[in-house]
S.K.: 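Here it is, the structure in full.
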Amino acid sequence: MEIKISTPRQFNFIRTVFSHGWCELVPFELNKSRSRLVRVVELPDGSPVTLTISRAGHGIKIDAPGRINRAAAAKIERDVRHMLRLDDDMTGYYSAVAGNAEFEWVAREGAGRLLRAPTVFEDMVKMICTTNCSWALTDKMNAALVNLLGKPAADGRRSFPTPQAMAEMPAGFYRDEVRAGYRAPYLKELADSVASGAVDPEQWLSSELPAAELKREMKKIKGVGDYAAENMMRLVGRYDGLALDSWIRSKFSKTRNKGRIASDKKIERYYAGFGEWKGLALWCDMTRDWLDEEGN
DNA sequence: GCGTCCAGGTCTACC
DNA sequence: GGTAGACCTGGACGC
């Protein structure tokens, strides 16, 4: 079955899909030409289905195997709209960068929509797995979670595990099987608290808390510090945190500071003029060269 | 082969 | 509130 969705005028499929590393982490997959994003999502009855998402005219199309009923189609469209940020209003951001010669490319290329998982829970688990380790280890931990706890779709690909599935496993599983090391109790505690209803990360999407308070809420999760919380803030649509990490500091030094180490305060000053959008301006600035203007 | 460093940080104890 | 030290893993690097 094929589902077509129209997209906002300045939506850029490849800039969104390749906006950060999530497209490389299962159950996301990006094909070599970067023209198709594959993703396993769960239907309303909990069964996994593999979607193939690609550009089609002025919108996108979603290919799903077999027949899909109306409720399933609605869930698929909701998940895809959520993942690709199709309902995010970027006009404020594009206004903030307008007139700045170094950033005018952002609106021209439709950059700034950051790919996210269908659930905040999945984003949070993955974010914890990015802390204090190489990307290769993040990939390995995430793949173990999906392969060991995800449910198989018809083609053998697996969904991301639910909070309940993760909560059923002991902390030792995350240490010994997922190889999460000291993050193991953090993953267990997060899964337990979400599965029990004590914490509801999905509510952060519509939270009316001021950014600073929402960030404090996120940091109550063990294993979530400034870097992880500020990255999570971006994924729920708040962009005033810079989420500085070793990669950003290194990249800024190379591209904006003549190769010299820059202090965090200097990085903050550089993007301060973008106000509530400074975290997104920084991210776009640091990742502009991931793609050329033709999307290659 | 072995030791060291460190990567898309965070927590805790201590001051 | 600020900071030093500990913390898992695994790839890269030097020897």
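Order of the sequence lines sets the chain letters (A, B, ...), proteins ahead of strands, with each chain counted from 1.
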S.K.: Quantified in whole Å, what is the C1' atom distance between nucleotide B:dC5 and nucleotide C:dC8?
M.R.: 15 Å
S.K.: Would you kindly give the CG-to-C1' distance between A:L187 and C:dC7, to the nearest whole Å?
M.R.: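 That distance rounds to 15 Å.
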S.K.: Is the A:W277 ring parallel, tilted or perpendicular to the A:Y239 ring (thresholds 30°, 60°)?
M.R.: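 Correct class here is parallel.
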S.K.: With the six-membered base ring of B:dG8 as reference, does the ring of A:W135 sit under 5.5 Å away with planes under 30° apart?
M.R.: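 Yes, A:W135 stacks on the base of B:dG8.
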S.K.: Taking only Lys NZ, Arg NE, NH1 and NH2, and the carboxylate oxygens of Asp or Glu, determine whether A:R116 and A:D123 approach each other closer than 4.0 Å.
M.R.: no
S.K.: Heavy atoms from C-beta onward define the side chain here; which of C:dC8, B:dT10, C:dT9 lies closest to that of A:Y227?
M.R.: B:dT10
S.K.: Between B:dC11 and C:dG10, how far is it from one C1' atom to the other, in whole Å?
M.R.: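 Taking atom C1' in both B:dC11 and C:dG10, they lie 22 Å apart.
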S.K.: Nearest to the side chain of A:K222, which nucleotide is it out of B:dT10, B:dT12, C:dT9?
M.R.: B:dT12
S.K.: Please state how far atom CD in A:E230 lies from atom C1' in B:dG9, giving the value in whole angstrom units.
M.R.: 12 Å
S.K.: Report the distance from atom CD of A:E24 to atom P of B:dG8, rounded to the nearest whole Å.
M.R.: 12 Å
S.K.: In terms of relative ring orientation, are A:Y182 and A:Y186 parallel, tilted or perpendicular, with 30° and 60° separating the classes?
M.R.: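 Because their plane-to-plane angle is over 60°, the rings of A:Y182 and A:Y186 count as perpendicular.
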S.K.: Rounding to an integer number of Å, can you tell me how far A:Y182 OH sits from B:dG9 C1'?
M.R.: 6 Å
S.K.: Between A:S196 and A:D192, is a side chain to side chain donor-acceptor pair (under 3.5 Å) present by the stated rule, with each step listed?
M.R.: CA-CA 6 Å; A:S196 70; A:D192 284 346; over 6 Å; no
S.K.: Kindly indicate whether the side chain of A:F18, heavy atoms from C-beta on, has any atom under 4.5 Å from the side chain of A:N12.
M.R.: no
S.K.: What contact category does A:A228 fall into here, base, sugar-phosphate, or nothing, at under 4.0 angstrom with non-hydrogen atoms?
M.R.: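 Result for A:A228 = sugar-phosphate.
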S.K.: In this structure, how many angstroms lie between the P atom of C:dC7 and the CG atom of A:N132, rounded?
M.R.: 13 Å
S.K.: Name the residue closer to the 5' end of DNA chain C, choosing between A:A136 and A:A180 according to the nucleotide with the nearest heavy atom.
M.R.: A:A180
S.K.: Which is true for A:N231 with a 4.0 Å heavy-atom rule: it touches a base, it touches only sugar-phosphate, or it touches nothing?
M.R.: nothing
S.K.: Which part of the nucleic acid, if any, lies within reach of A:I128 when heavy atoms closer than 4.0 Å are counted: base, sugar-phosphate only, or nothing?
M.R.: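 Result for A:I128 = nothing.
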S.K.: Would you mind reading off the distance between A:L137 atom CG and C:dG11 atom P, rounded to a whole angstrom?
M.R.: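 Those two atoms, CG and P, are 8 Å apart.
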S.K.: Assign A:S134 to base, sugar-phosphate, or nothing according to its heavy-atom contacts below 4.0 angstrom with the strands shown.
M.R.: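 If one applies the 4.0 Å heavy-atom cut-off, A:S134 turns out to touch a base.
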S.K.: What's the gap between C:dA6 and B:dT4 when it is taken at their P atoms, as a whole Å value?
M.R.: 15 Å
S.K.: For atom C1', what is the distance between B:dC6 and C:dC7, given to the nearest Å?
M.R.: 13 Å
S.K.: Please determine if A:D285 and A:R256 form a salt bridge, counting it only when a charged side-chain N lies under 4.0 Å from a carboxylate O.
M.R.: yes
S.K.: Starting from the 5' end of DNA chain B, give me the residue, A:M127 or A:K219, whose nearest nucleotide shows up first.
M.R.: A:M127
S.K.: Would you please confirm or rule out a distance under 4.0 Å between OP1 or OP2 of C:dG10 and any side-chain N or O of A:K140?
M.R.: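 Yes, A:K140 has a side-chain N/O under 4.0 Å of OP1/OP2 on C:dG10.
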S.K.: How many whole angstroms separate atom CE of A:M141 from atom P of C:dT9?
M.R.: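 Going from CE in A:M141 over to P in C:dT9 covers 10 Å.
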S.K.: Does OP1 or OP2 of C:dG10 have a side-chain N or O of A:R179 closer than 4.0 Å?
M.R.: yes
S.K.: Choose from C:dT9, B:dT10, B:dG9 the nucleotide whose nearest atom is closest to any side-chain atom of A:D226.
M.R.: B:dT10
S.K.: Scan A:R36, A:R39, A:R157 and name whichever one has a side chain to side chain donor-acceptor pair (under 3.5 Å) with A:E29.
M.R.: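 Of A:R36, A:R39, A:R157, side chain to side chain donor-acceptor pair (under 3.5 Å) with A:E29 is met by A:R157 alone.
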S.K.: From CZ of A:R183 over to P of B:dG8, roughly how many Å is that when rounded to an integer?
M.R.: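 Computing the A:R183:CZ to B:dG8:P distance gives 12 Å.
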S.K.: Quiz question: by atom type and distance under 3.5 Å, do the side chains of A:N142 and A:T138 form a donor-acceptor pair?
M.R.: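 Side-chain D/A pair, A:N142 to A:T138: absent.
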S.K.: Classify the side chain of A:Y186 and the base of B:dG9 as holding, or not holding, a donor-acceptor pair under 3.5 Å.
M.R.: no
S.K.: Is there a residue in residues 237-271 of chain A whose heavy atoms reach under 4.0 Å of DNA chain B, and which residues are they?
M.R.: A:D245, A:S246, A:W247
S.K.: How does DNA chain B look in dot-bracket notation if pairs are Watson-Crick or G-U with both distances under 3.5 Å, crossing ones as [ ], other-strand ones as |?
M.R.: |||||||.|||||||
S.K.: Hey, is A:K215 close enough to A:D226 for a salt bridge, meaning N to O under 4.0 Å?
M.R.: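 Here A:K215 pairs with A:D226 in a salt bridge, since their nearest N and O are under 4.0 Å apart.
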S.K.: If the threshold is 4.0 Å, N to carboxylate O, is there a salt bridge linking A:E217 and A:K220?
M.R.: yes
S.K.: Please determine if A:K126 and A:E122 form a salt bridge, counting it only when a charged side-chain N lies under 4.0 Å from a carboxylate O.
M.R.: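 Counted as a salt bridge, because a side-chain N and a carboxylate O are separated by less than 4.0 Å.
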